[in-house]
Amino acid sequence: MKHATWPARIILLVLSGIILYAILSARRGKKLYLRRIPGLNAIEEAVGRAVEMGRPILGSIGLGDVDVITLQALAIISSVATTAARFAHRIVLPLRNAAQVPIAEEALRAAYTAGGRPDVFNEQDLPFLSGEQFAYAAGVAGIIQRERPAATFLFGTFYAEALIIAENANQVGAIQIAGTPSTTQVPFFIAACDYVLIGDEYYAATAYITRQPTLLGSLIGQDIGKMLLLGMIILGVVLVTFGSPFIANIFGDKDLETFAAYFRAATGGK
Amino acid sequence: MGGFFVPKQGAELWAYIIGAFVVGLGILYALSLTPKSLRKTLIAGITFLGGLFFALEFFWPVDTAGPMAGKNFLTAYIKPVSSVTTILGAFALGLGLYSMVSIHGRAVAKRRENWGFSAVLLGAILAMAIPAIWKEYDKSPQIAGFYRIMYDGGFNPLNATMFSIVAFYIVSAAYRAFRIRTVEAGILLMSAVIIMIGQVTLGQLLTAWIPNENFSSNFRVENLSNWILTRVNSPAQLAISLGIGVGTLATALRLWLSLERGAFFDEEL
Amino acid sequence: MFDFLSNDATVRVIYIWCAALCTLGIYSILYKENKVYRFLEHLFLGLATGYTISQTWTTILKPQWWEPMTNDGQWWWALALPAGLLFYMVFFPRHAWMSRLIFGFFFGAAAGRTFQAFAATYFPLVKSAVNIPLMNPPEASMPGAYWLTGTSAILNNLLFLAIVISVMVYFFFSFEQRHPAIRMTSRFGRYTLMFAFGAIFGSTIMARMSLLIGRMFFLIHDWFQVTVLGMKG
Amino acid sequence: MDNFLRLIVRAQRIDRRILYLLLALCIAVPIAVDVPQPRPVVMPETQSLYNTIESIAKDPVESKKLAIVCTNYSGGTLAENQTQNEAIVRHLMRLKLKFAVFAFATPQGRELGRAVADKLAEEYKYVYGSDYVDLGFCPPDAIEVRLKAAVDDLPGAFEKDSAGAALTSLPIMAQVKTVNDINLIVEVTPSETLPPWLQFFQRAGEKPIPTVYCPTAVMGPEKYPLLKSGQLQGMMLGLRGASEYETLLGVDGFGHRGGASLSLSHLLIILLILLGNLGMFAERRLRRQQGRA
C-alpha cells in the first residue's frame, strides 16, 4: 500500500485514537491492572546471584539502530543497572551501533546515579564492537569467555548471533533472561536461556518494570486495539463463510470503488 | 546564475559551500543559547516535524488521474528527505569509532596487559579501510590485490565462520533443551523433530512408500511437516506479528508525540 | 616490491591460506577460549570496523552527499555537516542536550513511517486471516481434490482461526486470565506457540547446517584439495 | 540392566566438545567422499515457483518483459543463497527470459549476483546489455525511495548500471519504462528484505507482479502466510528448496551435493535428542529404584 485507502485511514486513526486515549487517561491517574509476566520477576534473582558470585553482569541491546525496540531494551537494562548499582556491581554492555553509544552511556550513567553509586560506572564497560553482526558476536563471545558473567540480559533486536551469545554464556554457567520481538530467535533463547519474553511481552516488559502510567496506559490501549482487530477477523470469517468478502476488502489495496460496487450489489444494482 | 537554490560552479560553488557551512555553524550556536525551559519543547517540535512529513505523505489523498496520479503534493520530496536521513545517520559512525579507538588506543599507549591485541585491532581498521576506499580512486592491481587478501582472506571467511559456528551451538542447545520435562518442551521437541525429518531426503525416504495422493498423502512426513509450517506455524506467527504490530504503532505514537517515558526521556536537560 | 599483489594466482593462494587459517582459528573457541581466538577476534573487529568505515563513505557519503555537492553544484548539502555535528555535542557536557535534536528527528522519522509500514505489512495479513470460509471452501472444487478435501479444508480453517484467537488471547495483558474458558484458550495459545517455535527451530537447523557445509566445503575442497594438494578444481 | 541404565544416564551429559566433533564429521565426510543419494520430494511452494517462471515464459506478452533478480546475500550464506540464485538464473536463461541483477541489502550481494549471472552467461550465450543487465547497488536506506521512483520511471530511478553506463543506452532497457514492464521479482536473501518489494513495488502497477522468494531456511517459515495471502507466488526454502529446484531443472548442483551432509547432520541431532531423553527417563527410573531400596 503506497498511500492510505479510506478504510486504512479510518482503521489507523481509530487504533491510534484508542491508544492515545488510554495513555492520556492513565496519565490522569486512572488505576490500571497488569497481569504478572513470569520472566520479569527473575531479574532481581539474577542480579543477586551475580553479586553473590562476584562476577559481572553482561547486557546486550541487540543489533537494532537507535529505534523503538532498542530504546525499550535500554530501559530494561537501565533498571537492571539501578539494581546492580545498589550492590556496586559491574554491568558490561557491548554495543553494535555507533549511534547507540552516547545514548547507552547517558542512560547507564543515570541508572548508576539513581542506584547511588555513580563512581562504579565506567565508560570502558560499554565497548563499541564494529558495525558488523558477526564481528559483534565474536567480540561478545570473547568477552563472555574472559569475564565469565554470572548473569546475562539479552534484550532488543536479534538475528543469528543470538545463539552464539546465549550458548557461550550458557557454557560459563550464567543465568540468562532474554526478550526480543524477533520471532525467529525466540526458539533459540528458549533453548539456551532460563527466562524468555515472547512476542509483545517485550513491549509489556518496560511497562511492567517501570510502572510508568504512560507505558501502562499504552499497553491497555494496545490490548483494546488487538481486541478490535481480533473482532474484525472473527466477523470477517463469518461474513466470508456466508459469501461476503466485506472485511477482507477493507484490508485490501483497493479504495472506495470496491465499496461502491459492494453497496451497489447489496442494494440491488442501483 | 538565477536563483539562490540552483546548482553553482567553480569558485562560486565553494564560496556557497563554505558559506552554507558557516551559516549552519551559526544556527548551531544560536540553538546552543536556547534557555533550559524551551529545550524539551524544541526537541519535541523537531521530533514531531520529522514524523509529520512521512505521515502526511501517506495519509494525504492522492490524485486519481493526470500527471500526478497516485501522488500527492509531498510525494516528490520523499527522495530528498530520505537522503537527508541516510546521510545524517552516516555521520554518527564517528561516535562508535571514538569509543573503540579511545579504549584500545589507551590500552596500547599505556602498555596495559594484552595491549598487543588492541594494536592488532587498530592496525586491522587501517588495513581494511584504507585500501577499500583507495581502490575507488586508484584502479591499480596492487591495491586491488591487497584489498582482496584483506577481504577474501580475512573479513569474509571470519564472517562466514563466525556465522557457521551457530551450527555447533544449535546441536548442543537442541541436545540440552529438547528433553520432555514438561508438556511444552514435549510439543517443542515433537514439532522440531517432524520438521527436521521432513526436510532431508533421508527422512523423506521413511515415508516414500506411502502413495502421494488423496487421503494417504497426509501421512507422508514432508506433507506433515509442511502442514505444521502452513497450518500451525502460520496462524501462530500471524497472531504474534499482529500483537507486535500494534505494539510498534503504540510506541511510534508515543515517540512521535514525545509522550515516551523511560531512562533516556526523563532526564533533566 | 608489491608486484606480487598484481598476480591473481599468487593473491588467490595467499587469501585462501589466510582464510583457511582464520576458519580453523575461529573454530578453536569450540574447544576453549585461547590466544589464537583472541587474536582473530580482535583482527575481525578491526577489519569489520574498517569495512564499515569504507562502506559508509563509498556507498552513502560519497555518492549521496559529496558528489552531488562538489560535482553537481548542489551547495546546500553543506548544511548537512553542521547538522551531523549535533551528534558530537555529547562530548560537551554543557551542550550535550543538543544531540537530542538530531535523535529527535530520527525518532520522529521512524515513527512517521510506521503508519505506512503498518498498513502495508499487517493489512494483507489480516486479509489472509479473514479469507478462510468455514463452509464450502474453494479447495473442495480445486483440481486434485478428493472426498475428504472439503472436510479437511474446513477443519484446517477452523484450526487456523482457533490458533489466531488463542495466541492473541495469550498476549492480552490487561486482565487476569482467571475464567476457565479464557485460561484454556490462553493455554492452547501457549501450546501452539511452542509448536510454532519448534517448527522454526527445526527449519533453522537446516539453514545453519548449510552454512557449516559451506565452510567445510571451503576447507576440504578449495583449501586442502585444490590449494594444498594441487588437485584440479 | 542397571549397568545399562547407568550407561545411558551418563550419555545425558556428553561433553559438548564430543558433540561438536561428531557434527564436524557428519558434515565433512560426505563432502570429502562423494555419496550417491536419492532425489528429494518437491514441495508445493517450490513447484509453484517453478510453474510461475514457466508460465511467464509461455505468455507472449509477459515473456518480453524484464525480471528482477534481487540478490541481497553476502558471503556468509553462500551455501544456501548462491545455490538458489544459480538455480533461478539457470532457469531464466533456459527459457530465454531477460533479467536484471540488483541488490540493496549489501554491496557484496550485487557482486555475487553479478558473478553468478556472468558465469552462467557463458554457458547459455547470454550477452550483457541485451539479455541481462546489472542495476547496481542501492543503499538500504534509499531503497524505499528508489522503488517508489522506479514505479513510474524505472531507468530514471536506477540511472546507471554498475559500470556507470546510462541505462537508457542499453538495448535491454529499450522496452522497459515503468513498473508495468516487469514480469517477475525474485528476492534471494538471508534477511528481512522482502517488505520494500511488497510495500512499494509489487502492487504499484496495473496488475500485481509475480513475486518469488528464496530465503535461507530460517527466514522461510514466517513467510508462509504470504503464500496464502497471494503476496508470494512461490518459495525456495534454503538448501533443500534449491535441491528440489535442481531436481525440477534436472541438474546436479551444490544443492544436491550438500544433501548427504544435511541428512547425516539431522540424523545425528535426532539421535542425540533421543539419547538425551532416554538418559533422563533412565535416571528417573534409577532414582525410583533407589528410593524403594
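A, B, ... follow the sequence lines: proteins, then strands. Residue 1 opens every chain. What you see below is based on every heavy atom in this structure, not just the backbone, and it leaves out hydrogens, waters and symmetry mates. Predicted model, so just to flag it, every value in this text is computed and none were measured.
- Annotation: side chain of C/Tyr31 is not in contact with side chain of D/Arg16 (no heavy-atom distance under 4.5 Å).
- When ring centroids are compared, D/Phe254 and C/Phe217 come within the 6.0 Å threshold.
- There is no contact between D/Arg203 and chain C, counting heavy-atom distances below 4.5 Å.
- The contact between C/Arg113 and chain D is made entirely by side chain atoms (from C-beta outward), counting heavy-atom distances below 4.5 Å.
- With a threshold of 4.5 angstrom between heavy atoms, D/Gln82 does not approach chain C through any atom at all.
- Within 6.0 Å of atom CZ in C/Arg12, 12 or fewer heavy atoms from other residues, nucleotides or ligands are found, so the atom counts as exposed in its surroundings.
- For the pair D/Leu23 and C/Leu212, the minimum side-chain heavy-atom distance is below 4.5 Å.
- Residue C/Ser203 comes nearest to D/Ala217 through the heavy atom pair O-CB, 3.2 Å, listed as atom of the first residue, atom of the second, then distance.
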Criterion side-chain contact (heavy atoms from CB on, under 4.5 Å) on C/Ser210 and D/Thr216, from CA distance to verdict: CA-CA 9 Å; C/Ser210 310; D/Thr216 49; over 6 Å; no
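- For D/Thr77, the parts lying under 4.5 angstrom from a heavy atom of chain C are both the backbone and the side chain.
- Counting non-hydrogen atoms of other residues, nucleotides and ligands closer than 6.0 Å to NZ of C/Lys62 gives a total above 12.
- Contact count versus chain D (heavy atoms, under 4.5 Å) is highest, among C/Gly214, C/Ser128, C/Pro124, C/Ala207, for C/Ala207.
- Using a 4.5 Å cut-off between heavy atoms, C/Phe123 makes no contact with chain D at all.
- At least one side-chain heavy atom of C/Met209 sits less than 4.5 Å from a side-chain heavy atom of D/Ile269.
- Put simply, CD1 on D/Ile31 and CD on C/Gln225 are 10.0 Å apart, with the number rounded to the nearest 0.5 Å.
- Residue D/Gln231 touches chain C through its side chain alone, counting heavy-atom pairs closer than 4.5 Å.
- Residues C/Gln116 and D/Glu144 have side chains in contact (heavy-atom distance under 4.5 Å, counting atoms from C-beta outward).
- Proximity to chain C (any heavy atom under 4.5 Å) is restricted, for D/Arg17, to the side chain, taken from C-beta onward.
- Looking at D/Leu262, both its backbone and its side chain come within 4.5 Å of chain C, counting heavy atoms on both sides.
- C/Ile213 touches chain D through backbone and side chain together, each having a heavy atom under 4.5 Å away.
- Neither the backbone nor the side chain of D/Pro195 comes within less than 4.5 Å of any heavy atom of chain C.
- Using a 4.5 Å heavy-atom cutoff, the side chains of C/Met216 and D/Ser261 are not in contact.
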